[in-house]
Amino acid sequence: MNSSNNSGLTEEQKKQHNKNETMTIVATGNSRDSFSAPMMVTVIKGDTPTSHSAFSVIDMLRAIPGITLSGSGRTNGQEISMRGYDSKGVLTLVDGIRQGIETVHTSSIFLDPSMIKQAEIVRGSSALLYGGSALGGVVSYQTVDAVDLLLPDQNVGYRVFGLGATGNHSLGMGGSVFGKTANLDGLITFSTRDIGNINQGKHFSASNNESINNVMTKGTWAIDDNQSLSANLRYYNNRSREPENPQQSEITAKNKMTKRSTLQRDAQLSYRLNPQDLAWLDATTALYYSDLNIHDLVLKEGEKGEKGYEQITRGVKLENRSRFFTHSPASHLLTYGTEAYQQKQKTCCLIVK
């Protein structure tokens, strides 16, 4: 269910608006039409029925050929495999920020599907662009902007939605407020969903209880015609009761229930300089930070305490695109830059018997 105060367009105008949309990809290093990319690329739009029915951003990829998803249906423990590489060889990005944590069973991509504009899947090695972590491919998620939700000739809008599913006994809701002026645009969006036991056939349900909350705010300031400044903040919180190894469906003596808290906070600041009279200068500088915490409350008999993981990612990315012979058959686009990032992960464990 969606509600918006910018739905005053006629059906003919809406059809024309959708017809004029171009499916553009950025995970290949340059913005281009998906049909002109010199590699195997699949683009999933966030406003399709399949995306609306996905209970996680990884679940959005379920029908993509060449991708294998592991897990039992719980949010924690979902992993992507591609071209023979597990999650260590498949790079996942959200608005350019590297995602994922190297744990034994609890890694995933922690973001609600309602906040996704599109997901891009690049099959095959992209190590030249992204390093050794992309030997199998790249999955790049782009979150929505205000201009993605506003219809033509509209400056302010909102949306409200609800969701539910019987397969995992889930209920949720969310909403967004967005708008733009002559030189500013921004949005605030949130979602919340509760996920219960997961039906897995033959009258078996995997025990599960998740309460997930997401908040995102982002905006862009067009300083002048040549430069802009963008900021993005995201918050994710999942409090669940599930097996210690959420990839296994059944609860056993070695895989008992635990209370798990998953918390992620991301921040990004980008500056773009693109003078209209300098074809060789289209530079972007991005600073990003990500803090991911996964903590378990041990519920084993005779033991109590906490154990978990924390991963902090800091990075900076510099890119420039230079165009040569723009108005001739020999036109070229040269993209070059560098990225430096640091990931620190530590394991904490406090067990009292």
Side-chain angles (χ1 to χ4, degrees), residues 1-7 17 21 26 43-60 75 92-97 99 108-120 139-152 154-165 170-181 183-195 210-222 228-239 262-270 286 288-292:
M1 178 179 66
N2 292 286
S3 176
S4 174
N5 69 347
N6 57 14
S7 58
H17 172 63
E21 288 185 340
V26 298
V43 179
I44 303 173
K45 305 295 285 186
D47 57 359
T48 63
T50 301
S51 298
H52 286 165
S53 62
F55 70 91
S56 70
V57 291
I58 291 184
D59 193 50
M60 293 173 63
T75 304
T92 304
L93 306 171
V94 175
D95 289 336
I97 298 180
Q99 304 292 308
S108 187
I109 307 302
F110 303 112
L111 185 67
D112 194 85
S114 65
M115 300 180 181
I116 298 300
K117 172 186 176 181
Q118 68 181 30
E120 304 169 10
V139 178
S140 177
Y141 294 96
Q142 297 179 51
T143 58
V144 293
D145 296 292
V147 293
D148 300 319
L149 302 176
L150 289 167
L151 293 175
Q154 297 292 321
N155 294 324
V156 180
Y158 71 92
R159 69 172 179 175
V160 178
F161 63 89
L163 53 91
S170 64
L171 286 173
M173 61 167 291
S176 307
V177 178
F178 39 87
K180 67 176 182 179
T181 64
N183 58 353
L184 289 172
D185 70 74
L187 66 79
I188 298 176
T189 182
F190 81 95
S191 68
T192 179
R193 66 175 71 201
D194 293 325
I195 303 176
E210 300 180 60
S211 179
I212 305 174
N213 296 287
N214 278 259
V215 179
M216 181 180 72
T217 179
K218 63 187 304 188
T220 299
W221 172 33
S228 62
L229 187 67
S230 301
N232 186 346
L233 298 173
R234 294 192 305 273
Y235 172 84
Y236 174 94
N237 189 348
N238 181 354
R239 298 190 179 276
T262 305
L263 178 66
Q264 182 165 345
R265 291 162 289 194
D266 290 350
Q268 184 175 16
L269 182 65
S270 302
Y288 57 86
Y289 172 87
S290 179
D291 184 2
L292 173 59

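Bear in mind the structure is a predicted one, so any value in this text is a computation, not a measurement.
With sequence neighbours left out, the side chain to side chain contact (heavy atoms under 4.5 Å, CB included) criterion links L229 to W221, I223, L269, Y271. In this structure, the side-chain hydrogen bond (donor to acceptor under 3.5 Å, both in side chains) partners of Y235, at least two apart in sequence or on a different chain, are N237. With sequence neighbours left out, S176 forms a side-chain hydrogen bond (donor to acceptor under 3.5 Å, both in side chains) with R159, T189. The side-chain hydrogen bond (donor to acceptor under 3.5 Å, both in side chains) check on S56 picks up Q78, with sequence neighbours excluded. Remark: Y236 pairs with T75, F110, I212, N214, N238, T262, Q264 by the side chain to side chain contact (heavy atoms under 4.5 Å, CB included) rule, at least two apart or across chains. Residues passing the side chain to side chain contact (heavy atoms under 4.5 Å, CB included) test with I97 are Q99, R234, D266, Q268, Y288, S290, sequence neighbours excluded. Evaluation of the salt bridge (Lys or Arg N to Asp or Glu O under 4.0 Å) rule for D291 yields R265 as partners, not counting sequence neighbours. Every residue two or more places apart in sequence or in another chain that forms a side chain to side chain contact (heavy atoms under 4.5 Å, CB included) with T50 is listed here: T48. Every residue meeting the salt bridge (Lys or Arg N to Asp or Glu O under 4.0 Å) condition with K218, not counting sequence neighbours, appears here in chain and number order: D95, D145. With sequence neighbours excluded, the residues that form a side-chain hydrogen bond (donor to acceptor under 3.5 Å, both in side chains) with S211 are D194.
Listed here is the closest heavy atom pair of R193 and A54: NH1-O, 3.7 Å. For the residue pair N232 and M216, the shortest heavy atom distance occurs at OD1-CG, 3.8 Å. Scanning all heavy atoms of the two residues, the minimum distance from S228 to A222 falls at CB-CA, 4.1 Å. For the residue pair G157 and L150, the shortest heavy atom distance occurs at N-CD2, 3.8 Å. Nearest approach of G46 to S51, heavy atoms of both residues: O-CB, 3.5 Å. The two atoms that bring F190 and M173 nearest to each other are CZ-CE, 4.3 Å, heavy atoms only.
Other residues, nucleotides and ligands place more than 12 heavy atoms under 6.0 Å from the CG atom of L263.
Between S114 and F161 the shortest side-chain heavy-atom distance falls below 4.5 Å. Counting heavy atoms from C-beta on, the side chains of I58 and S108 come closer than 4.5 Å.
In this structure, the separation between CD1 on I116 and OG1 on T143 is 6.5 Å, given to the nearest 0.5 Å. I109 contributes atom CD1, which lies 6.5 Å from atom OH of Y141 (distance to the nearest 0.5 angstrom). Of the inter-residue distances, the one linking Q142 atom CD with K45 atom NZ reads 8.0 Å to the nearest 0.5 angstrom.
Not a single donor-acceptor pair under 3.5 Å links the side chain of T220 to the backbone N or O of D185.
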